[in-house]
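Structure first, then comments.
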Amino acid sequence: MTSSTPLTISMHPRDNVAIVANDGGLPAGTVLPSGLVLRDKVPQGHKVNLVDLAADAPVLRYNVVIGYAERDIPAGSWVHERLLKMPAARELEGLPMPGDAGVVPPPVLPPLEGYTFEGYRNADGSVGSRNILAITTTVQCVAGVLDFAVKRIKSDLLPRYPHVDDVVGLEHTYGCGVAIDAPDAIIPIRTLRNISLNPNFGGEVMVLSLGCEKLQPERLLPPGVIPIEDQRDAALDVVCLQAEENVGFMSMIDAILRQAEVHLQRLNLRRREVVPASELVVGVQCGGSDAFSGVTANPAVGFATDLLVRAGATVMFSETTEVRDGIAQLTSRASSTDVANAMVREMAWYDNYLQKGRVDRSANTTPGNKLGGLSNIVEKAMGSIVKSGSAPISGVLSPGEKLKQKGLIYAATPASDFICGTLQLAAGMNVHIFTTGRGTPYGLAEVPVIKVATRSDLARRWHDLMDVNAGRIADGSATIEDVGWELFHLMLAVASGKKTWAEQWGLQNSLVLFNPAPVT
Ligand code: CA
């Protein structure tokens, strides 16, 4: 985008603001193609009002009221967050429900057939995109020992098992010093349990325990929970550091290596096989968003989401505080009243959770979001929600639950990048799509993360961190459909083993459990 051609982007004909697309923004005095003259310098991604706005007038972007004018704002002004009053959150009563008069059901999308990838078929029917030995932990106390052991496994054992991609310690801050019988403790516990069963770990479950912790191995993984036939009734494979037979540190390390080798032998026998695209389980989220997120990357992800749903795959969208302001759109798109009610239940739970901390959804936006042109959470939400495409929403997961069905699923999670990713791992994702405008090097050890830049400037500067440049949509060199298809093909390639940039550099963020229950 050269700065000599002023370019603004409107999302809807009724919008009375547009965003400036040019790198570096546009100076005051710029004449837009419409003839409108900018009164202020407007940074890239920030809003200019196309008409005079009287004080208290609604400001529309995405044909949605993102705020009300704080004072009279003459046309051509920079409409930043200090000029906008944020609207109240939509009540959770009286929402449009499937079947209501005037509620148009979402379109039935035609099936998309013939696409495949090469994945690892698991005994429970799920498919992995990687073949990883994961060692589960019951408590943070064992993390240092596990780090030491994982290094040893990588240097001494892994070279002998060439068909195993990696060894990962599932470390976390939970397990002791927590009110484990609090009702909400179910969330971190089932999250850890379900992450241990992620399709990328091939059904091999091995646990490292300290011994005296509150989260005992049998509580984390009760009998029968492991889906593999021959492990279902077998005793859980647990290495306990406090066990009497462990005399000295090296005896602990030896015990971990001995057990790890049993699992490595089995994992090493696995081979990729051709499976239909319907076996993809894709978690989508965004982080470090800017005003382009909702113009370029997220609409392209939305297009890819529709392709995935048409191919019979599973897509999860999440980030409750970023969809809360779009709840009326979402309930209208639910495949049934039960699904719509489940979404409302999750929103109400989160409203209450925020209230307990004496904040509301507006606590979501970051300084970077605002620098990037997003004035408030309503504007951010409208750009975030488009990741979900246009398909009917066919299911809802509470935080930490495991998927039970295919299609487009609302997986309720906080918007925090690491917590959202951790919860989507628990749900069973095998590919993660992450859009970013400000830029983040985010990556996970457990599943490949495909990162999508919202702006060409970011894609150029972070050329060896961003996997896809959706900024080409704003530049006019690609369409939303082009980038959506590119993403779809890349997901199939990555699920088949192609490495993402984050994998090439070994960038791995920590698992971060969502624990709404008290600690002690
Ligand atoms: Ca996020």
Side-chain angles (χ1 to χ4, degrees), residues 62 64 87-109 184 186-187 190-191 194 281-286 294 298 301-302 305-306 308-309 314-355 360-362 364 377-378 380-416 419-420 423-424 426-429 514 516:
Y62 300 98
V64 163
R90 173 84 159 80
E91 294 288 325
L92 292 176
E93 274 127 44
L95 287 161
M97 288 294 183
D100 282 2
V103 173
V104 183
V108 177
L109 304 173
D184 288 337
I186 185 68
I187 292 177
R190 73 180 170 215
T191 302
N194 290 332
V281 181
V282 177
V284 302
Q285 72 152 320
C286 44
N298 291 351
V301 169
T305 293
D306 284 351
L308 289 163
V309 172
T314 308
V315 184
M316 291 178 275
F317 71 107
S318 298
E319 305 175 294
T320 301
T321 50
E322 289 172 16
V323 297
R324 175 65 177 82
D325 283 287
I327 182 65
Q329 295 176 31
L330 296 179
T331 51
S332 320
R333 282 175 56 195
S335 62
S336 70
T337 309
D338 281 351
V339 170
N341 283 334
M343 266 187 284
V344 172
R345 185 192 67 220
E346 293 300 333
M347 300 290 148
W349 186 94
Y350 216 89
D351 280 358
N352 183 49
Y353 166 72
L354 291 173
Q355 245 165 33
D360 64 21
R361 72 206 199 287
S362 68
N364 172 302
I377 185 59
V378 185
K380 186 174 174 180
M382 292 309 127
S384 175
I385 219 166
V386 296
K387 296 195 297 296
S388 67
S390 63
I393 299 163
S394 52
V396 177
L397 288 182
S398 294
E401 284 183 338
K402 197 172 180 331
L403 283 161
K404 293 173 218 78
Q405 62 185 119
K406 291 179 186 277
L408 179 62
I409 308 292
Y410 177 63
T413 77
S416 154
I419 298 182
C420 173
L423 291 167
Q424 289 183 340
M429 76 168 157
F514 181 38

Atom of Pro392, atom of Leu408 and distance for their closest heavy-atom approach: O-CB, 3.5 Å

Return the set of residues passing side-chain hydrogen bond (donor to acceptor under 3.5 Å, both in side chains) with Thr320 (not counting sequence neighbours), or none when no residue passes. Tyr410

Ignoring hydrogens, what is the shortest heavy-atom contact between Lys380 and Asn364? Give both atom names and the distance. NZ-OD1, 2.6 Å

Do the non-hydrogen side-chain atoms of Thr321 and Leu354 ever get within less than 4.5 Å of each other? yes

Any donor-acceptor N/O pair, Arg190 side chain to Pro399 backbone, under 3.5 Å: yes

Does Arg333 reach the main-chain N or O of Ala391 with its side chain, forming a donor-acceptor pair under 3.5 Å? yes

With sequence neighbours excluded, tell me which residues meet side-chain contact (heavy atoms from CB on, under 4.5 Å) with Leu92. Leu95, Arg324, Ile327, Val344, Met347, Ala348, Asp351

Using a distance-only test with no angle check, is there a side-chain donor-acceptor pair under 3.5 angstrom linking Ser336 and Asp338? no

Can you give me the closest heavy-atom contact between Gly383 and Tyr62, atom names plus distance? CA-OH, 3.5 Å

Please examine the side chains of Gln329 and Met382, heavy atoms only from C-beta on, and report whether any two atoms are closer than 4.5 Å. yes

What are the two closest heavy atoms between Gln405 and Gly395, and how far apart are they? OE1-CA, 3.5 Å

Rounded at 0.5 Å granularity, tell me how far CD in Gln285 sits from CD in Glu319. 5.0 Å

Does Glu93 have more than 12 heavy atoms from other residues, nucleotides or ligands lying within 6.0 Å of its CD? no

side-chain hydrogen bond (donor to acceptor under 3.5 Å, both in side chains) partners for Ser384, two or more places apart: Glu322, Lys387

Within the 4.5 Å heavy-atom criterion, are Met316 and Val281 side-chain neighbours or not? yes

How long is the gap from OG on Ser318 to CG on Leu423, to the nearest 0.5 Å? 8.0 Å

Closest approach of Arg345 to Ser398 (non-hydrogen atoms, all atoms of both residues): NH2-OG, 3.7 Å

Passing candidate, side-chain contact (heavy atoms from CB on, under 4.5 Å) with Ser332, options Pro98, Pro96, Pro105: Pro96

Looking only at atom types and distance, does a side-chain atom of Asp306 sit under 3.5 Å from a main-chain N or O of Gly389, one as donor and one as acceptor? no

Given Phe317 and Val323, is the side chain to side chain contact (heavy atoms under 4.5 Å, CB included) satisfied, shown in steps? CA-CA 9 Å; Phe317 71 107; Val323 297; 4.3 Å; yes

Measure across Ser390 and Pro106 and return the closest heavy-atom pair with its distance rounded to 0.1 Å. O-CB, 3.8 Å

So do the side chains of Met97 and Asn341 get within less than 4.5 Å of each other, counting heavy atoms only? yes

Can you find a pair of side-chain heavy atoms, one from Ile393 and one from Ser388, that are under 4.5 Å apart? no

The reported gap from CD1 in Ile409 to CG in Leu397 (rounded to nearest 0.5 angstrom) is 6.0 Å

If we ignore hydrogens and angles and just use 3.5 Å, is the side chain of Glu346 paired with the main-chain N or O of Val396 as donor and acceptor? no

